[in-house]
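I have placed the structure first, in the form of structure tokens, so that the comments after it can refer back to it.
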Amino acid sequence: MTDASTPLIVGASAPSEARPDADLLEGLNGPQREAVTYRGQALLIVAGAGSGKTSVLTRRIASLLRTREAYPSQILAITFTNKAAGEMRERVHQLIGQRADGMWISTFHSACVRILRREAQLFGFTKAFTIYDSGDSRALIKRLVKEHEGDAFGLTPAGTQSRISKLKNELADAESYARQANTSDPAERVFIEIFAAYQRELQRANAFDFDDLIAQTVYLFRAFPQVADVYRKRFRHILVDEYQDTNHAQYALIHELTRPPGSDAEPMSAGGMMIFEAEPAAESGASLTVVGDSDQSIYAFRGADIRNISEFERDYPGAKVVLLEQNYRSTQNILSAANAVISNNFDRKDKKLWTDVGAGDPIIGFTGYSQHDEAQFVADEIEALHRKGVDYAQMAVFYRTNSQSRALEEIFIRSAVPYKIMGGTKFYERAEIKDALAYLVAVANPADEMALRRILNKPRRGIGDVTETAIARYAAEHGITFRDALANSPQLGVGPKLQKAIDQLDAVLSEASALMLPASGELAPSTAVTEGLTLLLNKSGYFDALRASRDPQDEARLENLDELVAVTREFARNNPDGTIIDFLTEVALVADADDLDDASGSVSLMTLHTAKGLEYDAVFLTGVEEDLLPHRISAGEPGGPQEERRLFYVGITRARKRLHVSLAMTRAQFGEVTVAMPSRFLQEIPADLIDWRQSPGDVNGRGGTQSRALNARGRRPGQGGTSGSRYGDDLVPLPKRAPADPSKFPNRIPAKVRDNGDMELAAGDRIRHDDFGEGRVDAITGEGAKRVAHVRFDTVGAKKLLVKIAPISKL
DNA sequence: TCGACACTGTTTTTT
DNA sequence: ACAGTGTCGA
């Protein structure tokens with residue numbers, strides 16, 4: 001990043017006629033136009049769902065550039081995900097018709113990493129620092145909790161981790177927290193010890209966790225004002241998307257960046273970025289634009305503070321506020337439902353979304369007997385829509401928790417609905433991928449002991465607990481790093497076999513270091529990361545161990561590692577000068593929402609959180625049940641139910657034309673079947689907007705009416721924590737075994753994997769299906785394992801079945 | 001040191 | 001249901 005920039009600003013002197021940005025305003029409504037053209041120190045754009053905020057934001061940036069009010073390098077745009085950043089860069093590029101190099105469009109985290117890599121050596125880190133993801137930090141915290149015997153004081157690793165994370169998001173460190181904590185409580189003292197030890201370990205390992213990336217950047221700016229001034233002078237226009245989801249640390253970071261540069265700053269350089277100081281007197285703080293919608297704030301649980309947006313006008317006096325309420329996405333029925341639901345949240349500024357596209361289709365409701373029944377409804381409905389010409393890629397299924405995806409998947413596979421799960425088990429969280437990355441980290445950042453310990457015995461080298469401790473002790477006694485201790489295997493007091501194993505590991509790491517970290521001055525070739533990774537995996541024996549294994553899962557692991565190698569190649573292509581550190585940074589900061597590559601030809605499955613910012617023609621909101629959509633855990637938390645309602649609202653507003661809400665009367669969790677109740681949120685949707693294909697009343701064993709079933713939620717016992725019935729008196733759970741004819745339960749998924757691989761089927765054949773009964777094959781499509789039978793069943797109509805696994809037999 | 005087995009708590013959401 | 005942990009014997 002060696003872009004030179006001068007902080008000269010042309011005053012707001014756009015020519016009155018034929019504005020150079022006139023074309024950017026085409027097709028915008030009044031408020032949108034104002035949001036693009038307003039010039040001032042602070043602007044808050046309150047953008048309701050679907051009100052075209054991305055368009056406004058990109059046009060605003062394009063307008064600043066087009067009118068020459070700003071150089072690209074003076075713009076810092078912050079988005080929530082890397083994907084959103086990429087999209088924004090692309091759209092700005094399209095608008096201004098040229099590449100805007102030097103613009104920073106990135107997430108909070110990537111922006112902070114860029115700053116920290118430049119400045120880390122100022123406070124005891126090197127630019128090769130590792131980024132610990134939550135898994136890494138949990139592993140470290142787990143070890144520390146054990147060492148400090150935190151369990152004796154009721155401290156769990158997960159609880160400790162989340163407390164530390166919350167504190168860091170509030171910019172509290174161990175010392176400042178200790179000062180105001182109740183130290184007469186022994187558990188509190190232990191917690192503080194662990195917190196402090198955790199921070200020491202991170203520093204020792206030359207590592208930052210996710211929260212540190214933000215917080216340490218703020219500390220950096222506060223401790224070194226002249227460093228902060230470099231960035232304050234550079235970034236003259238700061239734009240923040242999804243402002244309602246910022247936490248206190250992020251708020252403070254923005255606040256630091258928008259302060260006027262101090263007058264005592266010397267001209268200085270930082271990390272190769274030269275800044276020439278021009279008339280310090282003329283310097284004011286950067287102009288700040290934030291975009292947000294407090295009704296879509298769904299990250300309070302991880303520290304997002306809704307006050308950042310609700311008190312924006314107080315924080316930035318004289319701020320202009322623009323309201324975008326016209327919706328360009330959904331039909332009026334969908335918006336009416338959304339408005340009705342969200343109006344149940346008190347303490348919000350009233351805001352009503354409206355559209356001029358008309359009412360549209362009613363919302364479809366469905367109540368299944370079980371989660372599989374519900375999933376079958378979704379699959380059938382998707383197929384029906386697809387036959388009507390709706391592209392699979394224009395449909396999405398949302399759920400509250402990741403675990404709900406399983407039932408949907410099972411049914412989708414059987415019904416041959418092409419789908420793609422966003423999120424779920426993440427590629428970079430798979431053990432073999434983490435192992436491979438740990439090898440790379442061990443090379444890039446030798447101070448990172450965690451990475452080294454992780455790979456010490458992967459693959460099996462016979463290096464167990466005892467040997468690991470011996471190495472650590474030797475390192476401590478001689479004041480050297482864990483990594484350097486490996487080079488002294490003869491002094492470790494271990495057997496010759498182990499010595500040899502240690503020597504070998506040491507040699508592999510050294511060889512890879514020589515390849516990927518060439519002596520200063522020369523640049524590693526762009527292929528270095530790929531070569532280094534393959535070298536590490538080959539010579540460490542990792543590949544061999546997987547290939548020799550008879551575990552069928554290890555084959556998939558090999559494929560995943562091949563995939564990772566492919567990722568390094570792709571990385572080299574996109575970043576010819578990219579180093580191993582750049583690669584590890586990129587990998588550490590990718591989120592799941594980032595690699596949704598349009599899911600071409602597939603239905604998208606994702607959690608409601610992942611769905612934010614996306615839109616689809618048809619949306620299925622599943623599992624709309626008490627204890628799930630308001631989630632049980634949030635019920636007791638202050639503001640919890642309201643945040644859950646916003647989550648529901650976000651889900652509703654993703655739909656353009658068709659919205660489906662569904663639930664199940666029973667749901668299996670923790671291995672046993674429990675009874676589910678309709679969510680309170682369902683009643684908040686005006687009844688005339690929902691067309692129930694099967695209402696909760698229809699499937700109620702006692703034959704209650706729809707409204708009865710929906711309104712039956714009497715006064716619920718406060719927390720549900722007290723033993724006894726968790727239901728109101730007049731709401732009786734369904735009998736354990738529903739009295740209905742078992743054939744009404746097309747939902748038993750055989751645990752065993754069925755394989756009809758060689759079954760011969762042709763159009764005209766009659767078959768019997770375990771759940772759907774008898775039917776006639778209309779057609780067979782696809783090949784091999786993906787052969788699909790299109791069957792017309794006598795009683796349940798047309799279905800598509802994956803021949804290989806469908807529970808069918810030929811008649 | 002490592003595999004087999006039993007046992008436990010876990011499922012909220014994520015940069 | 002299931003993964004992750006702990007205990008035991010080889």
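Protein chains get the first letters and strands the later ones, always in sequence-line order, with residue 1 at the start of each. Side-chain atoms are counted along with the backbone in the values below, which use heavy atoms only and exclude waters and symmetry mates.
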Is the phosphate of B:dT13, meaning OP1 or OP2, less than 4.0 Å from a side-chain N or O of A:S634?
no
Taking CE from A:M422 and C1' from B:dT14, how many angstroms apart are they, rounded to a whole number?
16 Å
Between A:E147 and A:R143, is the closest basic N to carboxylate O distance under 4.0 Å?
yes
How many Å lie between CZ on A:R302 and C1' on B:dT14, as a whole number?
5 Å
For the side chain of A:K142, starting at C-beta, report the closest nucleotide among C:dG4, B:dT15, C:dC2.
C:dG4
A:E410 CD to C:dA1 C1': how many Å, rounded?
11 Å
A:Y132 versus A:D448, side-chain donor and acceptor atoms under 3.5 Å
yes
How close or far is atom P of B:dT11 from atom CD of A:Q371, stated in whole angstroms?
18 Å
Expressed in angstrom and rounded to an integer, what is the separation of A:L629 atom CG from B:dT13 atom P?
13 Å
In whole angstrom, what separates A:R138's CZ from B:dT10's C1'?
12 Å
Which residues satisfy the side-chain contact (heavy atoms from CB on, under 4.5 Å) test with A:K434, sequence neighbours excluded?
A:D133, A:D136, A:R454
Check: A:Y299 ring centroid to A:F80 ring centroid under 6.0 Å
yes
Decide yes or no for A:F195 and A:R163: does some side-chain heavy atom of the first lie under 4.5 Å from some side-chain heavy atom of the second?
no
Between the base of B:dT13 and the side chain of A:R400, is there any donor-acceptor pair under 3.5 Å?
yes
Rounded off to whole Å, could you give me the CG-to-P distance for the A:N169 and B:dT15 pair?
14 Å
Sequence-distant partners of A:F648, ring-ring contact (aromatic ring centres under 6.0 Å, His included), two or more places apart:
A:F681
Nearest listed nucleotide, side chain of A:T610, among C:dG4, C:dG6, B:dT14
B:dT14
What is the distance from CZ of A:R632 to P of B:dT13, rounded to the nearest Å?
13 Å
Side chain of A:F301 only, please: which of B:dT15, C:dA1, B:dT14 is the nearest?
B:dT14
The contact string for nucleotides 1-9 of chain B, one letter per nucleotide 5' to 3', using protein heavy atoms under 4.0 Å with B, S and - for base, sugar-phosphate only and none, comes out as SSS------
Are the ring of A:Y299 and the base ring of B:dT13 both nearer than 5.5 Å at their centres and tilted by less than 30°?
no
Regarding A:S403, tell me which of base, sugar-phosphate or nothing describes its non-hydrogen contacts under 4.0 Å with the strands shown.
base
Cationic N near anionic O, under 4.0 Å, A:E374 to A:R667:
yes
